[in-house]
Amino acid sequence: MAVRSTGIQAARIDPFGLFKKECENILAGAYARLRHDKGVALPKIDIASTLEDPPNEEFGHLASSISFELARVLKSKPMKVASDLSDEARKGEKFELVESVQPAEPGYLNFKANLPHLARLTLDAIGKAGPNYGLVIASTPQRIIVEHTSANPARPIHIGTSKNSIFGDTLARILKARGHMVQTHFYIDDTGRQVAQMAYGYKLLGEPAPSGKTDEFIGRVYSVTSTLVEIDENKRRLALLKKTNASDLDIVAVTKELDEWVGVAEELHSKYPEMFDALSELVSKEEDPQKSISQLIRRYEKGEQETKTLIRRVSQMVLAGFEETLRRARIHFDQWDWESEMLWTGRVAELLDRLKESGLARNRSGSWQLDAEKAVEDFGLREKLGLSPTFEVAPLTLTRSDGTSLYPTRDIAYTMYKFEWAERVINVIGVEQTLAQLQVKIAVYLLGHRKEAMNFIHFPIGLLVLEGQRMSARKGRYVTFDQLLDEAFLRAKQEVEKRSSDLPDEVKDRVAKRISMSAVRYAMLSVEASKSTNFVWDRALNFEANSAPFINYAYTRTLGILKKLGKFDRPGSFDKLNEPAEQNLILCLSRFPEIFTKSADELNPTLLCLYANQLAQRFHEFYEKSDISHVADTKLKLQRTSLVEASRTVLQTVAGLLGLELAERM
RNA sequence: GGGCCGGUAGUCGAGCCAGGACCAAGACGGCGGCCUGCGGAGCCGCAAAUCGUGGGUUCGAAUCCCACCCGGCCCGCCA
């Protein structure tokens, strides 16, 4: 029990944070005395905000720019103020983690850390807390739902969506580690047109047993069907236009659209000739495919048994494929929510009633619209939501004129559903949905759920374009997540083969699997989520510096040394680790709690990713410069070994947070 | 037409919200070194940036404000 409680306490220790706190106290004390001595009215200053990281270690480990601010009030030179403050500082509080305070041109106050002390604090904490080191628990844990991926179950998950999955999953891991209760949800958009088209095509084919991976098979059915339907529709429109003597402009536009789809059809035909010909034949015999599809949607919304069975069956097949793919990248969901349930349970209808009663919805020839702009003004949301005065919030159409609901409406109902359990809802969704997400937020607010609205967070994922071109699921132009993982695996396998040909093949496969999956995750996570990125194979599959293999390699090196040295007792002091590379590594380890906390609270997995890289880098430097197993000085050897073990522990923790799987051999 | 987001070496990309030592991190690519020691997927060094442009605020601007240019995205009875 005692051991456990020290472990828990050690998990809370933030060594660099303590150093920072001490700098703050010293500075606060010095400033208070200076205020007293000068007898001038000196302003209150937020000391912590003046502390920053110096550009390099010759300036110490933290620096304050407070003197610049004070110099103005005192009508003195910043350098003079800095040296006065450092004199005062030396008169006051005892230094523990702080080694020295020095004024420096043009007026900084530089704090050096007492490295042996910081090292002991850090390495002891890591030793005691082990895998929990740095995972500082939030003071007020929350129930959080992270919704992510939520791809239409009409085609396989492509690399664009995978970015969404990887960020969502990592976010959930980080928040869980921070002590929150986290649930990941997948929202199945089964009431939309895409799914209906897919089901329609599948039914036409006579509901065959899928060959190969289910989501790929159904994805082909969807692409081919929707293309054929699109061509059919455009042909009808063109005929109508010609009959009614429409303007040339309209005719040209439709002709262009038609040509485009014919081009897509040719592509699909060459890829899947058999399925294409079969469906083409079947669709051409249909009286009005578009109408049949709309009918399917209406029947499904009503919950008609036969349609329900069909659509659920096809959707399930695709979802099974999703799960299989996602499992390869260590992504799983706690809950799968069907959009149709929002309709069948009456949630959408109830929501519509409430919105109509709000006085902010208006009826336009049967179709209901929400005046989001007015809602913003009525509730003073412009300021609360940080919207600029020029930002115009477009109205939101809630229903078609036949009364059926639209996607955003169902999403509002779904959001309310999530808040029945969650205190915070994070939606990991593309940036292009920014406006739609804002409208959901506004709707939640105007219904009186103000706290919920404020805890409704859109985590935007920047667009991923494929070697310069935008991907199109409808046109069947995309690279699937599976293909990416496959390719990564092949490349990793080659590398493993090169280096560890002695391993049995199944071990090589396992290693290559871990390395490739981690490389893919890392490549996505290392660039900030909201940035749009151009997907380039060679960059996504980089195995050198700034990559998961680079981190894995550091880990492998720690294992090599520790295995060679066997069991050892943790030393009581760390006074011999004086090499710059050793000190840099210690400092890096001491900062982990701070980085983790920031990354969790600011919802920024990239921060941790960059940290992982830096830690690996620091370790590689240390490894090259310091001998470990063959030093004669046993004390030094022990201290270095301890540093290796601490590095291994933290590398493992960070990798776990990022969802990387480290291979013990590479 | 309106709005939102971005523009940092040849390329990719931190830093920007909370202005300070920025003659700007890191990586890829280029050039040159390092294996008789713990695995070279590593380490060390060199070259490479008008921080989109112009103005402003400030003792101080990549960072804040204004204008403009370029790129992306959004403004559907699609999802």
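Here is how names work: the chains are called A, B, and so on, in the same order as the sequence lines, proteins then strands, and each is numbered from 1.
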Determine the contact category for A:Phe391: base if any of its heavy atoms lies under 4.0 Å from a base atom, sugar-phosphate if only primed atoms, P, OP1 or OP2 are that close, otherwise nothing. sugar-phosphate

Counting just side-chain N and O atoms, does A:Ser530 come under 4.0 Å of either OP1 or OP2 of B:C73? no

Between B:A21, B:G40, B:A14, which nucleotide has the shortest distance from any of its atoms to the side chain of A:Arg557? B:G40

Using a heavy-atom cut-off of under 4.0 Å over every strand shown, decide if A:Gln617 touches base, sugar-phosphate, or nothing. sugar-phosphate

By the 4.0 Å heavy-atom rule, please label A:Thr397 as base, sugar-phosphate, or nothing. sugar-phosphate

Expressed as a whole number of Å, how far does the P atom of B:G72 sit from that of B:U63? 24 Å

Just checking A:Ala71: base, sugar-phosphate only, or nothing, at a heavy-atom cut-off of under 4.0 Å? nothing

Using a 4.0 Å heavy-atom cut-off across all strands, classify A:Lys625 as base, sugar-phosphate, or nothing. sugar-phosphate

Looking only at heavy atoms, what is the nearest atom pair of A:Pro289 and A:Val229, with distance? CB-CG2, 4.1 Å

Nucleotide forming a Watson-Crick or wobble pair with B:G6, both distances under 3.5 Å: B:C70

Quantified in whole Å, what is the C1' atom distance between nucleotide B:C17 and nucleotide B:G32? 42 Å

On RNA chain B, does the nearest nucleotide to A:Ser388 precede the nearest nucleotide to A:Arg364 from the 5' side, or the other way round? Give the residue. A:Ser388

Please tell me which of the listed nucleotides, B:A21, B:G39, B:C75, lies nearest to the side chain of A:Ala104? B:A21

Report yes or no: do A:Asn363 and A:Ser367 form a side-chain donor-acceptor pair below 3.5 Å? no

How would you label the contact of A:Glu621 with the nucleic acid (heavy atoms, under 4.0 Å): base, sugar-phosphate, or nothing? sugar-phosphate

Spacing between A:Phe619 atom CZ and B:A41 atom P, to the nearest angstrom: 15 Å

Among B:G42, B:G3, B:C75, find the nucleotide with the atom closest to the side chain of A:Glu544. B:G42

Has A:Arg400 got a side-chain N or O lying under 4.0 Å from the OP1 or OP2 atom of B:G76? no

Heavy-atom pair with the smallest gap, counting every atom of A:Ile628 and A:Lys637: O-CG, 3.4 Å

Of the candidates B:A14, B:C74, B:A21, the side chain of A:Glu528 sits closest to B:A14

Tell me whether the side-chain N/O atoms of A:Lys77 come closer than 4.0 Å to OP1 or OP2 in B:C59. no

For B:G29, does OP1 or OP2 lie under 4.0 Å from any side-chain N or O of A:Arg539? no

On the nucleotide B:G40, are OP1 or OP2 found under 4.0 Å from the side-chain N or O atoms that A:Tyr553 carries? yes

Give one of base, sugar-phosphate or nothing for A:Asp190, where a contact means two heavy atoms less than 4.0 Å apart. nothing

Could you check A:Glu339 against A:Thr191 for side chain to side chain donor-acceptor pair (under 3.5 Å), going step by step and ending with a plain yes or no? CA-CA 7 Å; A:Glu339 188 179 23; A:Thr191 60; 2.9 Å; yes

Side chain to side chain donor-acceptor pair (under 3.5 Å) between A:Thr597 and A:Glu594, intermediate numbers included: CA-CA 5 Å; A:Thr597 306; A:Glu594 191 180 51; over 6 Å; no

Scan A:Arg470 against the nucleic acid and name what it touches under 4.0 Å (heavy atoms): base, sugar-phosphate only, or nothing. sugar-phosphate

Rounded to whole angstroms, how far apart are CD on A:Gln437 and C1' on B:C75? 16 Å

Listed nucleotide nearest any side-chain atom of A:Leu435, set B:A21, B:C74, B:C38: B:C74

Pairing partner of B:G1, by Watson-Crick or G-U wobble and under 3.5 Å for both distances, is B:C75

Assign the ring pair A:Phe596 / A:Phe592 to parallel, tilted or perpendicular, where the plane angle (0 to 90°) is split at 30° and 60°. tilted

Just the rounded figure in Å: distance from C1' of B:G42 to CG of A:Asn552. 13 Å

So what does A:Ser67 touch, heavy atoms closer than 4.0 Å: a base, only the sugar-phosphate, or nothing? nothing

Using the C1' atom as the point on both nucleotides, what is the distance between B:A61 and B:C16, in whole Å? 11 Å

Rounded off to whole Å, could you give me the CD-to-P distance for the A:Glu624 and B:G37 pair? 12 Å

Who is the Watson-Crick or G-U wobble partner of B:G60, with both distances under 3.5 Å? none

Hydrogens and angles aside, do A:Ser626 and A:Glu582 bring a side-chain donor and acceptor to less than 3.5 Å of each other? yes

Any base atoms under 4.0 Å from A:Lys498, or only sugar-phosphate, or nothing? Heavy atoms, all strands. nothing

By nearest atom, which of the nucleotides B:A14, B:C38, B:A41 is closest to the A:His630 side chain? B:C38

How are the rings of A:Phe619 and A:Tyr623 set relative to one another: parallel (under 30°), tilted (30 to 60°) or perpendicular (over 60°)? tilted

Base, sugar-phosphate, or nothing for A:Val527, non-hydrogen atoms under 4.0 angstrom? sugar-phosphate

Nearest of B:G39, B:C59, B:A27 to any side-chain atom of A:Arg72? B:C59

Give the rounded distance in Å between these two atoms: CD of A:Glu373 and P of B:C74. 21 Å

Tell me the interatomic distance from A:Gln439, atom CD, to B:C4, atom P, rounded to whole angstroms. 15 Å

Any side-chain donor-acceptor pair under 3.5 Å between A:Gln194 and A:Asn152? yes

Tell me: CZ of A:Phe535 to P of B:G13, nearest whole Å? 14 Å

What's the closest nucleotide to the side chain of A:Lys564 if the choices are B:C43, B:C22, B:C38? B:C38

When we call it a touch if two heavy atoms are under 4.0 Å apart, what does A:Val511 touch: a base, just sugar-phosphate, or nothing? nothing

Using distance alone, with no hydrogens and no angle criterion, decide if A:Asp190 and A:Ser340 have a side-chain donor and acceptor under 3.5 Å apart. yes

So A:Phe550, base contact, sugar-phosphate only, or nothing? Heavy-atom distance under 4.0 Å. sugar-phosphate

Under 3.5 Å, is there any donor-acceptor pair linking the side chain of A:Ser401 to the base of B:C77? yes

Closest to the side chain of A:Thr390, out of B:G39, B:C4, B:G42, is B:C4

Which nucleotide, B:C77, B:C59, B:A41, lies nearest any side-chain atom of A:Gln369? B:C77

I'd like the P distance from B:A48 over to B:C43, given in whole Å. 23 Å

Base, sugar-phosphate, or nothing: which does A:Gln194 touch, judged by heavy atoms less than 4.0 Å apart? nothing

Any N or O donor-acceptor pair under 3.5 Å from the base of B:A14 to the side chain of A:Asn546? no

Could you please name the partner base of B:G26, counting Watson-Crick and G-U wobble pairs only when both distances are under 3.5 Å? B:C12

Whole-Å distance, A:Lys598 NZ to B:A18 C1', equals 10 Å

More 5' along RNA chain B: A:Arg193 or A:Phe68, using each one's nearest nucleotide? A:Phe68

